[in-house]
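Here's the structure we're looking at; comments come further down.
Bear in mind that the values here come from a model prediction, so they are computed numbers and not experimental data.
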Amino acid sequence: MAEAERIIGTPDTPGAGPGPEQRDVRGTDGTDGMDDTDGAGRADTAADTAADAGVSAARPRRRRVAVLFAVAAFAYALDLVSKLLVVAKLEHHRPIEIVGDWLKFEAIRNAGAAFGFGEAFTVIFTVIAAAVIVVIARLARKLYSLPWAIALGLLLGGALGNLTDRIFRSPGVFEGAVVDFIAPKHFAVFNLADSAIVCGGILIVLLSFRGLDPDGTVHKD
């Protein structure tokens, strides 16, 4: 009997049966018992991290694009309202002196470019303004710089302001004369759209000298 118990073993006998550490850890399907979901879980985590990084990178660009269009809308609205007031209240009337002879409000129709240059190339300037708008829209896709957003917004608002005059004012579509009214002494007459374009252009030049690109990177030549 003792010999049989020694061979068969009993549950109360230490070492009689295989312990937990001695048992076969293979699963019922013949695998080594490792959880197959571990690898999938790590892959899902990596994918989620990459997706979160992409979303985080897109948010600053959306904010910069929102700034660009907000600045453009403000510049365009200001220019449009000022021209409507000038046409309604100032055109065919005496100029209004703001600072004596040094600064006046005087309504004129300009068929040329900014500050009255190139009146014989109205259609060409119209095409250039439309091209500028398209270029700015393409740059907006990789815009991460706030100063660039402001500069491009000023350019866009000014270009839209003068392009509206080119399309809708007489003598005809794409040949319309722009309404100018700011008349400094010894200088050409211009409007708020011209001012926005010039300010945006100056800001772009300064940003380029500093090596700041629209995507937010800084380079040094």
Side-chain angles (χ1 to χ4, degrees), residues 62-99 102-143 147-205 214:
R62 293 194 187 101
R63 288 195 291 266
R64 301 301 181 260
V65 172
V67 170
L68 186 156
F69 286 111
V71 172
F74 177 77
Y76 176 74
L78 200 61
D79 177 70
L80 182 62
V81 171
S82 66
K83 289 174 178 175
L84 291 174
L85 290 174
V86 166
V87 171
K89 303 294 184 181
L90 187 58
E91 198 168 34
H92 308 303
H93 292 78
R94 292 175 57 87
I96 299 175
E97 294 184 352
I98 305 302
V99 185
W102 292 98
L103 180 62
K104 297 179 181 180
F105 284 170
E106 180 180 3
I108 67 168
R109 297 295 181 109
N110 172 24
F115 308 110
F117 299 113
E119 293 188 5
F121 304 99
T122 304
V123 176
I124 295 176
F125 293 132
T126 303
V127 173
I128 292 174
V132 168
I133 294 171
V134 172
V135 170
I136 293 173
R138 292 178 62 88
L139 284 175
R141 296 184 300 177
K142 59 177 183 178
L143 184 63
W148 269 95
I150 295 173
L152 293 177
L154 290 171
L155 280 180
L156 180 59
L160 285 172
N162 283 339
L163 185 60
T164 300
D165 284 357
R166 303 287 188 197
I167 295 175
F168 295 105
R169 296 193 186 277
S170 59
V173 178
F174 300 124
E175 297 181 352
V178 175
V179 176
D180 289 337
F181 62 94
I182 304 174
K185 188 175 182 179
H186 305 309
F187 196 73
V189 183
F190 59 96
N191 56 41
L192 294 182
D194 297 334
S195 301
I197 292 172
V198 171
C199 291
I202 292 174
L203 183 54
I204 287 176
V205 171

State the [atom1]-[atom2] distance between [X] and [Y], to the nearest 0.5 angstrom.
X: I98; Y: K104; atom1: CD1; atom2: NZ; result: 11.0 Å
X: L78; Y: L192; atom1: CG; atom2: CG; result: 5.0 Å
X: L68; Y: L152; atom1: CG; atom2: CG; result: 5.5 Å
X: L160; Y: D165; atom1: CG; atom2: CG; result: 11.5 Å
X: S82; Y: I182; atom1: OG; atom2: CD1; result: 7.0 Å
X: L156; Y: L163; atom1: CG; atom2: CG; result: 10.5 Å

Could you tell me whether the side chain of [Y] reaches within less than 4.5 Å of the side chain of [X], counting heavy atoms only?
X: F181; Y: P95; result: no
X: K142; Y: R64; result: no
X: W102; Y: P184; result: no
X: V179; Y: L84; result: no
X: R169; Y: V87; result: yes
X: Y76; Y: T164; result: yes
X: L203; Y: I150; result: yes

Salt-bridge present (R109, E91; N to O < 4.0 Å): yes
Considering all heavy atoms, the nearest [X]-[Y] contact:
X: A159; Y: I133; result: CB-CG1, 4.0 Å
X: A107; Y: V86; result: CB-CG1, 3.5 Å
X: A193; Y: D79; result: N-OD1, 3.0 Å
X: P171; Y: A177; result: CD-N, 4.1 Å

Worked check of side chain to side chain contact (heavy atoms under 4.5 Å, CB included) between L90 and L85: CA-CA 7 Å; L90 187 58; L85 290 174; over 6 Å; no
The single option from I202, N162, N191, V132 passing side chain to side chain contact (heavy atoms under 4.5 Å, CB included) against I197: N162
Full working for side chain to side chain contact (heavy atoms under 4.5 Å, CB included) between W148 and I204: CA-CA 7 Å; W148 269 95; I204 287 176; 3.6 Å; yes
